[in-house]
Amino acid sequence: MRIVLAEDSVLLREGLVGLLERFGHRVVAGAGTAGELIAAVTEHRPDIVVTDVRMPPGFSDEGLRAAVELRTLQPDLPVLVLSQYVQRAYAEDLLDSADGRGVGYLLKERIGHVEEFVDALHRVGAGDTVVDPEVVRQLIRHRRDPLSRLTAREQEVLALMAEGRSNASIAAAMTVSEGTVSKHFGSILGKLDLSLDDTTNRRVLAVLAYLRG
């Protein structure tokens, strides 16, 4: 894929460039500010954007706000956001954009798990939704009251489901059968007043939409 990479730390940016190129991708432009990111996307029309949240000049949420702006201008542009923390307000805006298709929000520690990071990049580029488990947990805490109806096991299934995992993957992670996961899934959707949908990405979006409230 052709990638525009936005990261103000030159050292980390160069490291990511090397990592991405090792897996056959091409970084067509690097950006150190939100303004440079928007200009680079306009010029290069990449297949996907990978951006940090905190960027100059304020080092708060400039990168994330730029990602939301880019998704408003180009709803079909896949965006993978990397962050050291969860910026809930703009994370919600990002997940809401273009019905959440082709969007990801990962904490930077995931970069250390190279296979997970590259897999997330591919999935977002293909139009899926990938959300870090910690982001899911913070969204769950934000909506604690409605989710109090769920059992501990159901909340565990919900967190794994919101990562975009299949029933088979959830079953393996929890060391239970797929049938058990299906039962938990049906119970979760019933308690949260959500309709059943066999498409994994859509069910993730439905749950995230509920969590965002």
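Predicted model, so just to flag it, every value in this text is computed and none were measured.
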Is any side-chain heavy atom of [Y] closer than 4.5 Å to one of [X]?
X: Phe23; Y: Val114; value: yes
X: Ile3; Y: Val28; value: no
X: Leu70; Y: Leu37; value: yes
X: Leu106; Y: Val131; value: no
X: Arg101; Y: Val103; value: no
X: Leu158; Y: Phe185; value: no
X: Val79; Y: Val124; value: no

Glu116: what forms a salt bridge (Lys or Arg N to Asp or Glu O under 4.0 Å) with it, not counting sequence neighbours?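 For Glu116 the salt bridge (Lys or Arg N to Asp or Glu O under 4.0 Å) partners, ignoring immediate neighbours, are Arg110.
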Can you name the residues that form a side chain to side chain donor-acceptor pair (under 3.5 Å) with Thr180, not counting sequence neighbours?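 Counting only residues at least two positions away or on another chain, Thr180 forms a side chain to side chain donor-acceptor pair (under 3.5 Å) with Ser177.
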Quick one: list whatever passes side chain to side chain donor-acceptor pair (under 3.5 Å) with Glu156, sequence neighbours left out.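 By the side chain to side chain donor-acceptor pair (under 3.5 Å) rule, Glu156 matches Arg153.
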side-chain hydrogen bond (donor to acceptor under 3.5 Å, both in side chains): which pairs involve residues 6-27, sequence neighbours left out?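 Matches after skipping sequence neighbours: Glu7-Lys108, His25-His122.
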Separation between [atom1] of [X] and [atom2] of [Y], rounded to the nearest 0.5 Å:
X: Asp132; Y: Leu107; atom1: CG; atom2: CG; result: 4.0 Å
X: Thr51; Y: Leu64; atom1: OG1; atom2: CG; result: 8.0 Å
X: Leu73; Y: Arg71; atom1: CG; atom2: CZ; result: 12.0 Å

Ignoring hydrogens and geometry, is there a side-chain-to-backbone donor-acceptor pair from Glu69 to Ala66 under 3.5 Å?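 A pair under 3.5 Å: no.
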For Val68, does its backbone N or O pair with a side-chain atom of Thr72 as donor and acceptor, under 3.5 Å?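 Yes, Thr72 side chain to Val68 backbone: donor-acceptor pair under 3.5 Å.
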Under the side-chain contact (heavy atoms from CB on, under 4.5 Å) rule, collect the residues that match up with [X], sequence neighbours excluded.
X: Ala152; result: none
X: Glu62; result: Ala34, Met55, Pro57, Ser60, Arg65
X: Ser182; result: Asn167
X: Arg54; result: Tyr85

Nearest non-hydrogen partners of Leu80 and Tyr105, listed with the distance: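 Closest approach of Leu80 to Tyr105: CD1-N, 4.3 Å.
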Taking all non-hydrogen atoms of both residues into account, name the closest pair between Ser83 and Val53 and its distance.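 Closest pair (atom of Ser83, atom of Val53, distance): CB-CG2, 3.4 Å.
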Which donor-acceptor pairs under 3.5 Å do side chains of residues 40-49 form with protein atoms, sequence neighbours excluded?
from	atom 1	to	atom 2	distance (Å)
Thr42	OG1	Ile38	O	2.9
Asp47	OD2	Arg2	N	2.7

